[in-house]
Colleague: 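This structure is in structure tokens; I'll ask about it shortly.
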Amino acid sequence: MSSHEPTAASTGELPAYRYTAELAQEIESRWQKHWEAEGTYHAANPVGELADAQQAAKPKKLVVDMFPYPSGKGLHVGHPLGYIGTDVYARYHRMLGYNVLHTLGYDSFGLPAEQHAINTGVHPRVNTEDNIANMRRQLARLGLGHDFRRSVSTTDEDFYKWTQWIFLEIFNSWYDTDLDKARPITELIAEFDAGTRQLADDRQWSSLTQAEKRTTVDSYRLAYLADSPVNWCPGLGTILANEEVTAEGRSDIGNYPVFKRNMKQWMLRITTYADRLLGDLEALDWPEAIKTMQRNWIGKSFGAQIRFGSDAGPLEVFTTRPDTLFGASFMVLSPEHERVAALTTQKQKAEIEAYITASKAKSDKDRADDTKEKTGVFTGSYATNPVNGEQIPIWIADYVLMGYGTGAIVAVPCGDERDFVFAQKYGLPIPAIQTPPTQWFTSQEAEPSEDATTWPKAFTDDAPYCNSKNDSVNLNGISQVAEAKKVINAWLEANGHGEATVSYRLRDWLFSRQRYWGEPFPIVYDAGGVAHGVPVDQLPVVLPALDDFKPTAMDPDDNVTEPIPPLARATDWLEVELDLGDGVQTYTREINVMPQWAGSCWYEMRYLDPTNNDAFVDPEIERYWMGPAEEGASGGVDLYVGGVEHAVLHLLYARFWHKVLFDLGHVSSFEPFHRLFNQGYIQAYAYRDDRGQPVDAQSVEERDGSFFYEDEQVTQEYGKMGKSLKNIVTPDDMYDDYGADTFRLYEMSMGPLDASRPWNNRDVIGMARFLQRLWRNIVDEQSGKAHVTDSAVDPKTAQMLHKTIASVTEEMTHLRFNTAIAKLIELNNVLTADVGVGKVPKEVAEPLLIMLAPLAPHIAEELWSKLGHTTSVTQQSFPVADESLLVDETITVVVQVNGKVRGKIDLPADVSEADAVAAVLELEAVSSRLEGNEPRKTIVRLPKIINIVV
RNA sequence: GCCCGGGUGGCGGAAUUGGCAGACGCGACGGAUUCAAAAUCCGUUGCCCUUCGGGGCGUGAGGGUUCAAGUCCCUCCCCGGGCACCA
């Protein structure tokens, strides 16, 4: 299909009022203007500027799309899939009588915008605003039922004022582990002052200096400065969060190398929420796959912290298998472990130092590559195993990471595969402390043996323990890992050797970026370098104008040069006179900016109350839209739709911020997104010529199963839509060729919303034909006037209508728009074939249009008005099926003989089982197979089936 | 390696609790309309055999449970995604 083909209107040979692309476009732009002028899709708040008490008295539905980054490339047909899905859902619920809030904002800060701006030399704001305008234009033509008054961009000063405000709330909070919630830092100070809370160490609060008090308080804050190893990406000129680094040790964006180095950075204490982030997943209606990914990322593991004696003092290790402690044969420290130097003997010194130097030189990628053989060096010292007093050698090895657990492990080679391989390589002992079952040896094709050195690998399952006793604890005879853990943990605690603990994989969130295009921190430093929050009445801290906003240009492989954030060059802005309580002083501003994720941590709440100047959201308005439906419920967005790529990053960060706001009493919901739905992706076919070059996919023709481009045969492949594959189809192409309604219908009919599917231009025509047939059933193509009848609906059609209503309702509720569309087509096909064009009763046409309205709002609105209505079809009540019409008078029972279908029989709906069987036995298809014998068995499942076993 | 999804006509995909496999759409074929084509409309279309009554086979492969399996159980193959020295 191309836009050059003659159409009805252009040739003039077709009826004047045929539903063509031109007519569709005219109808669509007319109604879009009308809806906009009427505020048809405005959602009402209970209070405030957007209040409407009558509307807000209805039940509410908050529907949110993951908001897009406004890309300069424009949209292709894959992008709106989710937006159409939520639009249909929102419109459907509006017709069910809900006060529906649906809009779309823009995540316009961040690296992609800035990279693009750097490449083109255009200021990020100019570029970003152009992109947003273009996206709004493309999306406006879709006819989305959004409340445009509520659309926000994270780069709006009005918006990022509140992002900064929330950061200050986090900065000014600490986590009270007793109450298990965040509290204002002022309350912590008050408790210290009152003496109701003691310091974690032995010092007395009252005897601390002002500076010491401040350092102590800072160590409690949920936002804190840390000089710690970070992911430094010179190619992007910034550091990155763990979540933004790929498994290959490269940047998520741009694929540049990432290096570990120490830098002073803002961190957010997300780890204090690890347990709640994990546990509260239970309260969420999310795809199980996403929950699993979050659980894995949080990585909670139960074990024990155990102290081993050594010449350099006690060494703490974390292990998930304290039950295997009797099998420990060596200990491994991370090369960065603070005790390494003290433990290294003179003899081993050279080797240890060489190893440390070598591992520092290794990139994270090399260190994390588990296909490489593990290496390590003996320190020369020994540790004492608390369970049996045994002296075990202490090694260092770079497979032990400083950032997890304690940076030290106890190695039990018979029960851990890595330890096993390491022990084999370096000839360390492998004592057995469990007797694996014979089947285990058989499945490994090995001889059963109690000598673990002969085992093919480590054994990690349940099995009876052996060689595991001392004078006061005995694991021998226990055969369950869980039970042995309990016993040994109790012993460790009782004897002061350690305690049962929990460890998490989740790290604190590294929150600063050395870039320009992000929210400035509302933080200033005094002459002593102490961080202070900017007073709330001075927010927002506006991003200063810069001529040169680029980060220091970096060689992607240069991991030495110190980065200088662009804001350091904003000399006028950098220093500020403030009175923070002890007189006007000069302060220096923080020059890092927040990461892209900041704005998306709370944007859905700004939709609720976009004009509020006193709060990020009015608590009453938040409670109305997001408050928990009942005691114990999470609250949050009713339906949140977006791609699965945000499974960890955005969704984890947003949950964290929301929980802080909840703890501080700013919101009533403890989760931001109650129901999450991942839409699939649209992919497309691409074609290459014999040189392997992609050719314009839209010009490829199919003949007899082969594909041709300008009469040359080309090969088909399947992949992402993109410039490089020359297979982009844009929404604009669809508007031109068919109109928005056909496009919407096609996207929704392709398959279930959560499945990825191939785009096929060729298939779109099917939905255009459906709308054309529907149009013709209601409108005379010559006159353009409605030609429905006032006659009564015949019983058969009435039943068809009500069955359609019942199933469309069901499908819509479960976001199964593809099957909802199929049902509507079926009904329309019946009207075309059985009732006849021009004879469709109004009584059928009207509910049909109402049901179509969420999916194809423009044509539904046009036909609705042609039927003489003056109110919008989008504000009609969704039809309700008449239960009495759903019941058939006769049932069609499938007749099986030996489980195979041999015929059907129509019987009265109230037929008895005996009569039904009798009737079935009369059937030729059955009697001929019985050959005069009695059936061995009859299974009767009215109204579905009767099975005769011969 | 581990953890999730998934495999149904030529294609996209339908199929409550196990109960007519292939809804709906595309394509293909045949017909109507047309000078002709496009567009539109009608019909046929899982595969194989058929004496045109019908018969056999069929949901990745193999096995099982059941009167009955796309659906439940076991083993395996393939595809997609996530995680991956986490102690």
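By convention in this document, chain letters (A, B, ...) are assigned in the order of the sequence lines, proteins followed by strands, and residues within each chain are numbered from 1. Note that this is a predicted model, so its numbers are computed, not measured.
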Colleague: Just by distance, no angles: are the side chains of Trp775(A) and Asn777(A) close enough, under 3.5 Å, to form a donor-acceptor pair?
Modeller: no
Colleague: Do Tyr504(A) and Asp275(A) have a side chain donor and acceptor closer than 3.5 Å?
Modeller: yes
Colleague: Quick check against the 3.5 Å criterion: does Asn385(A) have a side-chain atom that pairs as donor or acceptor with the backbone of Leu325(A)?
Modeller: yes
Colleague: Looking only at side-chain N and O atoms, does Asn296(A) offer a donor or acceptor that is under 3.5 Å from a partner on Arg505(A)?
Modeller: no
Colleague: Within the 3.5 Å criterion, strictly below it, is a donor on Ser334(A) or Tyr399(A) matched to an acceptor on the partner's side chain?
Modeller: no
Colleague: Distance check, P atoms only: C79(B) and C24(B), in whole angstrom units.
Modeller: 34 Å
Colleague: Can you give one letter per nucleotide of nucleotides 19-28 of chain B, 5' to 3': B if a protein heavy atom sits under 4.0 Å from the base, S if only from the sugar-phosphate, - if neither?
Modeller: BB--BSSSS-
Colleague: Answer with yes or no whether the side chains of Asn818(A) and Ser749(A) bring together a donor and an acceptor at under 3.5 Å.
Modeller: no
Colleague: Partner of G1(B) by Watson-Crick or G-U wobble geometry, both contacts under 3.5 Å, or none?
Modeller: C83(B)
Colleague: Closer to the 5' end of RNA chain B via nearest nucleotide, is it Ala755(A) or Asp416(A)?
Modeller: Ala755(A)
Colleague: Would you mind calling G9(B) syn or anti? Take O4'-C1'-N9-C4 for purines or O4'-C1'-N1-C2 for pyrimidines, and syn is within 90° of 0.
Modeller: syn
Colleague: Considering Watson-Crick and G-U wobble pairs with both distances under 3.5 Å, what does U75(B) pair with?
Modeller: A61(B)
Colleague: Under 4.0 Å, counting only non-hydrogen atoms across every strand here, what does Arg418(A) touch: a base, just sugar-phosphate, or nothing?
Modeller: base
Colleague: Does C24(B) have a Watson-Crick or wobble partner in any strand here, with both distances under 3.5 angstrom, and which is it?
Modeller: G12(B)
Colleague: Flag the pair Phe330(A) / Phe422(A) as yes when their ring centroid distance falls below 6.0 Å, and as no otherwise.
Modeller: yes
Colleague: Calculate the interatomic distance between Glu288(A) atom CD and G5(B) atom P; express it in whole Å.
Modeller: 8 Å
Colleague: C1' atom, C3(B) versus G25(B): distance in rounded Å?
Modeller: 36 Å
Colleague: If I take atom NZ in residue Lys425(A) and atom C1' in nucleotide C85(B), what distance separates them, rounded to the nearest angstrom?
Modeller: 14 Å
Colleague: Can you check the Trp297(A) CH2 to C2(B) C1' distance for me, whole Å?
Modeller: 17 Å
Colleague: Could you work out the separation of G27(B) and C76(B) based on their P atoms and round it to a whole Å?
Modeller: 43 Å
Colleague: Just to be sure I understand the rule, does Arg776(A) reach a base, reach only the sugar-phosphate, or reach nothing, if contact means heavy atoms closer than 4.0 Å?
Modeller: sugar-phosphate
Colleague: Establish whether the base of C85(B) is bridged to the side chain of Lys374(A) by a donor-acceptor pair shorter than 3.5 Å.
Modeller: yes
Colleague: For the pair made of CG in Asp419(A) and P in C85(B), what is the distance, rounded to whole Å?
Modeller: 15 Å
Colleague: Take atom CG of Asp754(A) and atom P of G81(B), then tell me their distance rounded to the nearest Å.
Modeller: 17 Å
Colleague: Distance check, P atoms only: G10(B) and U45(B), in whole angstrom units.
Modeller: 16 Å
Colleague: Could you give the distance separating G7(B) and A61(B) at their P atoms, to the nearest angstrom?
Modeller: 13 Å
Colleague: Any side-chain N or O of Arg505(A) under 4.0 Å from OP1/OP2 of C83(B)?
Modeller: no
Colleague: Between Val644(A) and Arg902(A), which is nearer to the 5' end of RNA chain B once each is assigned its nearest nucleotide?
Modeller: Arg902(A)
Colleague: Could you work out the separation of U16(B) and G54(B) based on their C1' atoms and round it to a whole Å?
Modeller: 33 Å
Colleague: Write down the distance between CG (Asn296(A)) and C1' (C2(B)), rounded to a whole number of angstrom.
Modeller: 10 Å
Colleague: Rounded to whole angstroms, how far apart are CH2 on Trp286(A) and P on G5(B)?
Modeller: 17 Å
Colleague: Once side-chain hydrogen bond (donor to acceptor under 3.5 Å, both in side chains) is applied, what residue pairs with a partner in residues 315-328 of chain A remain, sequence neighbours excluded?
Modeller: Gln305(A)-Glu316(A), Arg307(A)-Glu316(A), Arg321(A)-Asp323(A), Asp323(A)-Tyr465(A)
Colleague: If we call it a pair only when both distances are under 3.5 Å in a Watson-Crick or G-U wobble match, what pairs with A32(B)?
Modeller: U40(B)
Colleague: Which part of the nucleic acid, if any, lies within reach of Ser756(A) when heavy atoms closer than 4.0 Å are counted: base, sugar-phosphate only, or nothing?
Modeller: sugar-phosphate
Colleague: Using whole Å, report how far NZ of Lys291(A) lies from P of G82(B).
Modeller: 21 Å
Colleague: So, for Leu907(A) and Ala919(A), which heavy atoms are closest and what is the spacing to 0.1 Å?
Modeller: CD2-CB, 3.9 Å
Colleague: Name the nucleic acid region contacted by Arg816(A), choosing base, sugar-phosphate or nothing; use a 4.0 angstrom heavy-atom cut-off, strictly under.
Modeller: nothing
Colleague: Could you work out the separation of G63(B) and G70(B) based on their P atoms and round it to a whole Å?
Modeller: 15 Å
Colleague: Where does G53(B) fall, syn or anti, if syn means a chi angle no more than 90° from 0?
Modeller: syn
Colleague: Hey, does Pro752(A) reach any base, or is it just sugar-phosphate, or nothing, if we go heavy atoms under 4.0 Å?
Modeller: sugar-phosphate
Colleague: Between the side chains of Tyr426(A) and Thr375(A), is a donor N or O closer than 3.5 angstrom to an acceptor N or O?
Modeller: no
Colleague: Roughly how far apart, to the nearest Å, are A28(B) and U66(B) at atom C1'?
Modeller: 40 Å
Colleague: Remember a base hit wins even if backbone is also touched, and classify Thr938(A) as base, sugar-phosphate or nothing at under 4.0 Å, heavy atoms.
Modeller: nothing
